[in-house]
Each structure stands twice: as C-alpha cells, then as structure tokens.
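Reviewing the structure listed below.
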Amino acid sequence: MVELNINNKIVRLDVSDDMPLLWVLRDVMGLTGTKYGCGIGECGACTVHLDGKPVRSCSLPVGSIGNQSIITIEGLDNDPIAQKILDGWVEKQPTQCGYCQPGQIMAAIALLHEKEKPSKEEINRALSGHVCRCGMYQRIRNAIKVAVGSTEDE
Amino acid sequence: MSNLSRRAFFTKTGALILGVSLPILAKAQDKIVTSKSEDNSHHSVNTPTNNEYHNAYIEITSNNQILFHIPDIEFGQGIYTAAAMLLAEELEVELSAIKVDAALPNPEYILKGEVTEVTWGSGSTQKDWFPLQQSAAILRTMLLQAAAQSWKIDINQCHAKAGQIYGQNGQQAPYAQFLHDIYNLSIPKEVPLKKTEDYRLIGKSQPRVDTSEKIKGKAIYATDIHLEDPSVPAIRTGLMIACPVVGGKLAHLDDKNAKQIQGVIDIVSLENIVCIIAENFWIASKAAKQLVIEWDYGSQSAATTDSIYKQLDQAADEQQAIIGYNNSSEKIEVSLNATSHIYNGTYKQPMLLHAALEPLSCTIFINETKCEIWSCSQTPLWTRDKVAALLKRDTKEIYFHNVFVGGSFGRRLNDEYILQAVQFAQKVSYPLKCVWSREEDFVQDHVRPPYLDQIEAGVDADGLITAVKHHIIGPSVTAFWDKSLLSKEGMDPDLLLGIDTLPYQIPHYQLNYTNCDIQSIIPGWWQGNGATRNIFVVESTINKCAKKAKKDPIEYRKLLKPDARAIAVIDMVAQHAQWEQQPPKDIGRGFAMAHVFGSYIAMVVEAEITAMSVVRLHRVIVALDCGLAVNPDQISAQIESSAIYGLGAALYNEVQIQNGQIVQRNFNQYRVLHMNEVPQIEVHIIKSNEHPSGVGELGTIVSAPALADALGSILNKNLYSLPLNKYLT
Ligand code: FES
Ligand code: FES
C-alpha cells in the first residue's frame with residue numbers, strides 16, 4: 001500500500017514501492033495526460049510537479065514520494081500561473097502532435113513558480129531536457145515569454 | 001419522419017444520405033454537446049465517438065452543430081484545422097462551430113488518383129482544397145434553397161451567415177431547421193466557390209482546433225483509451241518484445257519466473273514476437289526481465305553498418321542500373337563529352353530512425369460482433385482490410401479509430417505493428433493495450449535506408465551545369481510498400497522526387513538507379529521521402545559547381561534559368577537573410593532550394609563551428625511559395641518543425657547496425673536537437689492565389705544541403721556525406 005497526494009487528493013493504492021510514478025498515474029489512476037517517451041529521464045514527456053518542482057515521473061519510484069504533493073497536467077485548475085502559461089500556449093501555438101506538450105507545460109509552470117521573469121537562457125536551461133520531435137522549441141519559448149508579459153519575440 | 005435521423009449526412013462524393021435512426025451516434029453526439037457546455041473553447045473530438053459506418057463526411061445536427069468526420073490523419077501537421085477552415089469558409093459558419101473527429105476508414109473517401117485513403121507527401125490541404133470547399137458550398141446552397149422555398153421567396157433574397165439563414169424580410173432560422181427539407185431537393189452538380197477577396201478565414205491565421213485538448217492533457221492517443229462500458233473486461237497492457245534481427249524467429253521461451261510475478265496475466269507469442277500481458281506497463285516490464293527468450297537470429301545476424309555500406313559499394317560497381325529519368329533524347333555520355341569540365345562526387349546518406357516521441361502503440365478489443373482498434377495508420381483503409389482478412393471477418397465489423405498520434409514522420413505508413421497487436425488480441429478475451437517501449441520502438445523501426453549517389457556534373461565554359469548523370473544505389477521503399485506503384489521498367493517513382501521538377505533548366509539530366517536490397521533492415525518512408533535524399537545531392541552539387549565557377553550560389557542559380565516562382569523565393573530569402581552583406585566573422589552561410597510537392601522553398605542557414613568543434617546553429621531563414629497559404633501561422637510552424645527535424649538528422653544522426661541489430665535504443669544514443677541548440681527560424685511566405693500545395697516536409701528536404709553548404713564554407717571543403725558532425729572530428 002502506498003499513500004499519495006495526487007492533485008490535492010489523498011489516494012491509497014495497492015502498488016509496489018518501486019513502481020515509477022508515471023505508471024501509477026497512467027495505468028492505475030487513469031491520468032493519461034502525462035506521457036511516456038523514453039522511460040529513462042531523457043525526454044521530459046512524463047514531467048509532473050513534486051511540491052512544485054518538475055520531476056521525471058518515469059524515474060521516480062512512488063515509495064520515495066511520501067507526503068509530497070504531486071500535481072499533473074490534469075490538476076492545474078487553481079493555479080493562476082498555469083493559466084498564464086496555457087494562455088501563452090494558445091497565443092503562440094507551439095502544439096503540433098501535442099505529445100510532448102503536457103511535459104513542456106509542467107516544466108514551464110514550475111519555472112515560473114521559481115522565477116517571475118526568466119531570461120531566454122533560464123528558459124533554455126529549464127526546458128533543454130525536453131524533447132519535442134515536432135521542433136516547436138522557439139514557439140514554446142515565445143509562449144513562456146507571453147506568459148510573463150514580455151512582448152518581444154524571437 | 002420520426003424514424004429518420006434528425007441530421008443531414010453529406011458524403012464526400014456529394015450525396016445526401018437519408019438517415020435511418022442511428023442510436024449509437026445519437027448517444028455519441030449528446031456526449032459531445034455536454035463536453036462543449038463544460039468547456040467553451042472549441043476543440044476537436046478524437047475520442048471514439050464515431051462508431052457507425054454511415055459514409056458521412058459533413059453532418060449538421062438538430063442543434064445546429066457541424067460535425068466533420070475527417071479522413072486525413074492529424075499527426076501534428078494541422079490538417080484538422082486547415083480542413084475545418086475550408087469547410088467553415090464555404091458553409092458560412094464560424095470555425096468554432098465545427099467539431100472535427102476522425103472518420104472511420106471508408107472507400108468513399110478515396111480521392112481521384114489515390115490508390116487508397118492515405119495521408120502523406122505533405123498533401124492533405126492540397127487534396128482537400130477543392131472537394132471539401134465544393135461539398136460545403138453545395139450544402140450551403142441547398143440550405144438556402146430550402147429556406148427560400150419555405151419562406152416562399154427567391155433564393156437570391158436569402159443569405160447564409162454564421163450557421164443561420166436570413167431572408168430579405170427579416171426571416172431568420174438556423175441551418176438545422178431545414179435539414180429535412182433539403183432531402184427533397186436535387187443536388188446541384190457544382191456551385192461556384194467564393195472569390196479569394198471574399199474569404200473570411202482562408203489565408204488568415206487561425207489557432208489550431210486541437211490546441212485546447214492537447215495542452216490540457218485531454219487529447220486521446222492510442223494508449224490513453226478508457227473503455228467505460230461495465231460489461232467489457234478491464235483493459236490489460238501487453239508489452240511487445242520482438243526479435244531484434246530482421247527475419248529472426250523465436251526459438252525458445254521460458255516464462256516460468258516471469259509468470260510468478262504478481263499482476264502478470266498472460267505471456268503469448270507469435271513467430272517472432274512475445275507479448276507480456278500484465279495489469280500495467282510496470283509489471284509487464286518487470287516480467288520482461290525475468291523472461292528467458294532465445295531467438296534464432298537467422299541469416300542476418302552478422303550484418304554490420306560496414307557490411308551494409310560495402311554492399312552498396314559493390315552494387316555500384318555492377319552497373320545494372322535502369323534509367324529512371326532522362327530529359328533529353330541524347331545519350332548522357334555524349335552530352336557530358338560536350339562539356340568543358342566534369343565534376344564527380346559520391347554522396348553517402350545514412351540510415352535514419354523516425355524517433356517520433358510517442359512509441360508505437362495500439363489498443364484493441366475484439367468480441368463476437370466487432371473488432372475495435374485505436375491506433376494510427378496513414379493508410380487506414382488498407383489497415384482495416386488487412387485486419388479483416390487476418391480475423392476472417394467482414395470489414396464492416398472492423399472499427400479502426402485513427403486517434404491522435406505523437407508524431408509519425410512516415411513511420412505510420414507501415415502498419416505491421418497493428419497487425420501484430422491484433423494477433424495477440426485475438427488470443428485473449430479482454431481489451432489489450434499493446435505498448436512498445438522506447439527501446440522496442442527504435443529497434444523495430446523501419447529505417448530510412450542508406451544510399452549512395454554518384455554524380456557526374458558537366459559544366460560549360462562559363463562553369464554552368466549543362467549535363468548531369470546521377471546514379472542512385474540503394475533499396476526501394478516503394479517496392480517494399482506496394483510493388484504495383486513501380487513503373488513497367490521497375491523504377492521507383494519516389495526516387496525521382498524533386499529531380500523531375502527541378503526549378504532550374506539543366507539541359508540534360510539523366511537519373512539511373514541500381515536497386516540494392518539490404519536484407520538486414522526494413523526500408524521505411526522517412527520525412528520528405530526521395531526528395532530529402534535527392535535534394536541533398538543536387539543542391540550540394542550546384543553549390544559545389546558555383547564555388548568552382550567562383551560565383552555566388554544565388555547568382556549561380558539564377559544563371560540556371562529558374563522559373564518565376566523559383567526566382568521569387570530566391571529573392572525573398574536573400575532579402576531577409578541580408579545576403580548582400582557578408583556574414584559575421586566565424587559564421588558559415590549556406591543556401592539550398594527545392595521545388596517539390598508543388599511548392600517552392602529556399603533556405604539560408606547560418607552556423608558556426610566553435611573552438612571546441614561544436615556546431616552552433618544561429619539562424620535559419622526560409623522563403624516559401626506553397627500557393628495560397630490557407631493557415632499561414634501553421635504553415636510557418638510546419639516549416640519550423642520540419643527544418644528542426646532535418647537539421648538535427650543532418651548534423652547528428654546515423655543508425656548503426658551490429659550483429660544484425662539496430663544499436664541505438666533510446667534518446668541517449670540518438671541525438672535530437674533540444675531547445676538550447678535550435679536556431680532562430682524565420683519563415684516568409686509568398687503571397688499567392690495559386691492552388692495550395694505541399695508544406696509539411698519541405699523544411700526537412702532543404703535542411704541538409706543548406707547546412708552542409710554553411711559548414712563546408714567554414715571548413716573550406718565540399719561535404720559529401722551525412723551526418724555532418726563526422727567532419728568535425
Ligand atoms: S518518459 Fe520520462 S523522461 Fe522520457
Ligand atoms: S508537439 Fe510533437 S513532440 Fe512536441
């Protein structure tokens with residue numbers, strides 16, 4: 001039995017300690033917005049928040065989480081920063097196939113939690129571990145800039 | 001009337017279908033409507049709502065909703081949005097009034113000149129352009145007619161706007177009010193389409209219709225399927241492990257220990273693949289580690305990258321080429337003899353992975369009445385028919401739902417993984433979610449095959465190219481895919497892509513092809529297909545000849561008499577790249593262009609090689625003429641996307657084979673571009689009223705030659721082989 005706080009709800013699950021959070025979310029909880037791309041921490045598609053920090057859920061055994069709060073792409077309702085990011089995404093249209101986007105968005109929100117107005121370099125650093133095979137990086141960066149109220153595009 | 005559908009079904013061939021009652025659809029529709037009221041942003045619905053074969057293409061519901069069942073696959077290129085725009089424009093509704101969902105495969109949807117329903121070749125908007133607008137215009141006209149009749153006024157006294165019909169005397173009613181009346185009308189054969197200057201939507205950037213669900217994690221991909229029907233057993237996860245060598249077979253399987261693991265349900269196998277079925281992915285992957293699998297690797301187990309290239313070299317010497325293309329009646333040897341000088345070059349292009357972010361995936365449920373599949377196939381009708389044959393069932397019992405997919409880049413033009421999944425699903429009594437780990441996705445990829453291209457380019461006294469003998473040596477993807485598409489002589493038309501539409505006047509161009517099958521790989525379509533390979537060779541050759549002639553590459557191309565549309569993209573890219581000015585010190589600048597899929601593209605790449613021998617991509621400037629740009633912002637996005645895909649591959653990628661197996665198994669071994677490495681990209685689109693033409697793959701097609709030119713100018717040599725980072729060590 002593992003007890004987890006997922007999207008502000010406490011759940012008790014009959015899963016083994018070593019099961020990565022990604023599969024608990026997708027296969028046990030049915031929260032399929034979090035994606036699998038590599039399973040080894042190389043692509044960022046599985047990114048969720050752990051106490052507000054971005055983590056790779058494919059490489060995080062649930063037994064190590066304890067009572068830290070887990071937020072997924074489905075759990076952003078009460079987060080004003082998340083809303084700004086989503087608005088930025090709507091404006092700059094960085095979504096193509098969409099598969100990387102939940103991970104990119106979770107990383108972007110976590111960045112803005114940390115830093116109100118990140119520079120281009122800070123955005124790059126925070127998101128450079130996220131693969132977008134549709135190559136929407138420039139738009140993603142511009143979407144984050146829109147979210148922080150900057151008007152200048154690249 | 002009560003037995004009839006309360007909806008108008010309009011088929012792609014222009015027929016109106018008088019509906020019988022369709023309870024399943026009615027239910028599905030109610031669901032769509034509820035989700036709409038919860039969430040006001042417009043979005044497409046790609047969940048499996050569309051569960052009945054009814055040939056419908058455009059549907060108007062009793063509450064005035066427009067449902068658009070689209071045959072094209074959305075793998076990121078934005079066709080759901082572009083097609084919805086075409087429809088909304090002529091039907092006179094708002095874009096937000098249209099719900100797009102994936103049509104079930106249907107021979108009715110095959111367009112003239114197509115072998116089957118197929119989404120490829122950057123062609124979606126191009127082929128939908130006329131039929132879709134025409135369908136919408138006919139439907140609108142009939143609604144107007146019905147309204148005019150019922151109001152007893154002339155049709156010219158009515159007009160349609162935002163889903164409503166207005167009459168001259170203040171009458172107003174929604175389209176839905178006339179659904180029954182239109183069945184009594186005869187269907188006009190052709191209705192004039194709007195004039196360009198009257199467009200409300202076409203040509204003006206619209207946000208994608210699938211943005212909302214994709215950014216909220218609500219978009220449904222093949223492994224996101226939930227089946228809510230309580231009578232259906234729980235979905236199980238089947239982890240696929242296939243023989244890593246082409247042609248190999250399962251020799252022995254010991255699953256005793258694996259089966260001990262709690263949560264493992266079944267372990268089933270076919271001739272060359274094992275499926276570990278468990279409660280979830282994690283348990284299945286733990287069980288995989290306990291399996292003892294012995295493969296009989298078969299005849300290809302000794303193949304290596306080197307042995308494959310050697311095979312190409314040998315085939316090149318055998319001189320059994322067929323002539324694939326020749327634009328002159330003269331013998332090429334004669335034309336070459338008449339030139340002042342001949343430049344030779346042998347170009348080498350490696351094997352490549354697709355490496356879409358979503359690994360292969362497929363969810364299936366089979367029962368007595370039907371087989372439902374959620375996956376992605378670029379040829380859905382073929383897939384459906386193959387599944388029916390495999391299961392020995394009527395095609396009407398196969399429901400193939402083309403859900404969203406995390407990229408394809410050509411991979412999903414092959415559907416062998418769906419057929420594998422079906423064979424496993426057939427063996428079990430519950431719905432099966434077949435998953436491929438990233439490692440399996442890579443090792444089971446149908447790779448872009450390797451090629452050798454030999455070029456003899458003859459130039460005249462001014463250094464201008466007048467004769468080219470081009471010899472391609474390598475496998476034929478088309479032959480593997482559908483032999484019937486080869487020419488009588490056995491030529492693969494894909495190998496001509498970009499060559500038979502060169503934007504220049506080269507008086508004599510002959511292309512010869514020597515087929516060389518590589519048994520240890522399965523050849524697959526890859527972004528840009530033959531054009532990606534051809535344009536690298538031809539544009540690199542032109543850049544080289546320009547250098548030899550001591551001419552600027554742009555000026556040189558203009559001397560090759562490009563057509564007017566080609567000149568326009570050349571000039572546009574030159575202007576935006578400030579081509580007249582020298583690039584900053586340490587920056588190499590490269591140029592390439594192409595005319596393919598009906599469009600013209602010119603690209604300038606600016607790159608640097610640092611003191612640490614690292615390539616930095618600074619800037620990419622593109623000019624594009626794709627005819628009328630239906631959704632300019634998304635056209636720009638597609639060019640950005642395909643350029644990044646092509647630049648990354650050109651710089652870093654090469655599949656290695658060892659012991660007959662693909663060596664690279666994950667992103668840590670197959671380098672893709674990341675945010676901190678990508679250049680700034682500018683896309684400039686020519687204003688045009690020509691028929692829309694292809695976009696999706698064009699950025700990839702010109703990336704390699706433009707980057708090779710940029711790096712070559714720094715290294716001061718001609719770069720003949722890919723990936724380019726090999727030149728840095
Ligand atoms: S799936 Fe976790 S980083 Fe790729
Ligand atoms: S949008 Fe397709 S991988 Fe990023």
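Nothing here was measured: the structure is a model prediction, and the numbers come from that model. Here is how names work: the chains are called A, B, and so on, in the same order as the sequence lines, proteins then strands, and each is numbered from 1.
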Legend entry - Working for salt bridge (charged side-chain N to carboxylate O under 4.0 Å, His left out), residues A:Asp27 and B:Lys433: CA-CA 11 Å; A:Asp27 289 354; B:Lys433 172 163 70 180; 3.4 Å; yes
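- Heavy-atom distances place the side chain of B:Tyr645, and not its backbone, under 4.5 Å from chain A.
- With a 4.5 Å cut-off on non-hydrogen atoms, B:Ala355 touches chain A through its backbone and its side chain both.
- There is no contact between B:Thr81 and chain A, counting heavy-atom distances below 4.5 Å.
- At a 4.5 Å heavy-atom cutoff, the contact between A:Cys43 and chain B is made by side-chain atoms alone.
- Within 6.0 Å of the NZ atom in A:Lys53, the count of heavy atoms belonging to other residues, nucleotides or ligands does not exceed 12.
- Side-chain contact, B:Gln638 with B:Ser641: no donor N or O sits under 3.5 Å from an acceptor N or O.
- Looking at B:Ala637, the atoms closer than 4.5 Å to chain A (heavy atoms on both sides) sit in the backbone and in the side chain alike.
- Between B:Arg208 and A:Gln93, the side chains place no donor N or O within less than 3.5 Å of an acceptor N or O (distance only, hydrogens not considered).
- Annotation: B:Tyr80 is in aromatic contact with B:Phe404 [ring centroid separation under 6.0 Å].
- For the pair B:Ile681 and A:Tyr137, the minimum side-chain heavy-atom distance is 4.5 Å or more.
- Only the side chain of A:Ser16 comes within contact range of chain B, with at least one heavy atom under 4.5 Å from a heavy atom of that chain.
- The greatest number of non-hydrogen atom pairs below 4.5 Å with chain A, out of B:Val678, B:Ile215, B:Ile644, is found for B:Ile215.
- Looking at B:Asp633, both its backbone and its side chain come within 4.5 Å of chain A, counting heavy atoms on both sides.
- Highest contact tally toward chain A, considering only B:His354, B:Glu358, B:Lys286, B:Glu682, is held by B:Glu358 [criterion: heavy-atom pairs under 4.5 Å].
- Residues B:Leu617 and B:Leu707 form a side-chain contact, since some pair of their non-hydrogen atoms from C-beta on lies under 4.5 Å apart.
- Using a 4.0 Å cut-off between charged side-chain N and carboxylate O, A:Lys84 and A:Asp87 make no salt bridge.
- Residues A:Lys120 and A:Ile123 fail the side-chain proximity criterion, which asks for heavy atoms closer than 4.5 Å.
- Proximity to chain B (any heavy atom under 4.5 Å) is restricted, for A:Met136, to the side chain, taken from C-beta onward.
- Counting only distance, with no hydrogens or angles, the side chain of B:Arg236 and the backbone of B:Leu432 share no donor-acceptor pair below 3.5 Å.
- For A:Ile105, the part lying near chain B is the side chain, with the backbone staying farther off; criterion is any non-hydrogen pair under 4.5 Å.
- For A:Gln101, the part lying near chain B is the side chain, with the backbone staying farther off; criterion is any non-hydrogen pair under 4.5 Å.
- Chain B forms the most heavy-atom pairs under 4.5 Å with one residue out of A:Val90, A:Thr32, A:Val131, and that residue is A:Thr32.
- Ranked by heavy-atom pairs under 4.5 Å with chain B, the list A:Ser128, A:Pro102, A:Gly33 is led by A:Ser128.
- Heavy atoms closer than 4.5 Å to chain B are found nowhere in A:Arg125, neither backbone nor side chain.
- For B:Ser361, no part sits under 4.5 Å from any heavy atom of chain A, backbone or side chain.
- Residue with the most contacts toward chain A among B:Thr223, B:Asn676, B:Asp224: B:Asp224 (heavy-atom pairs, distance under 4.5 Å).
- Contacts between B:Asn668 and chain A at a heavy-atom distance below 4.5 Å involve backbone atoms as well as side-chain atoms.
- With a 4.5 Å cut-off on non-hydrogen atoms, B:Ser437 touches chain A through its backbone and its side chain both.
- Under the 4.5 Å side-chain criterion, counting only non-hydrogen atoms from C-beta, A:Ile65 is in contact with A:Leu21.
- When atom types are taken as modelled, the side chain of B:Thr700 and the backbone of B:Ser642 share a donor-acceptor pair closer than 3.5 angstrom.
- Around the CD atom of A:Glu114, the shell of radius 6.0 Å holds no more than 12 heavy atoms that belong to other residues, nucleotides or ligands.
- With a 4.5 angstrom heavy-atom cutoff, B:Phe442 does not touch chain A via any of its atoms.
- For chain B, no part of A:Leu22 is nearby; none of its heavy atoms comes within less than 4.5 Å.
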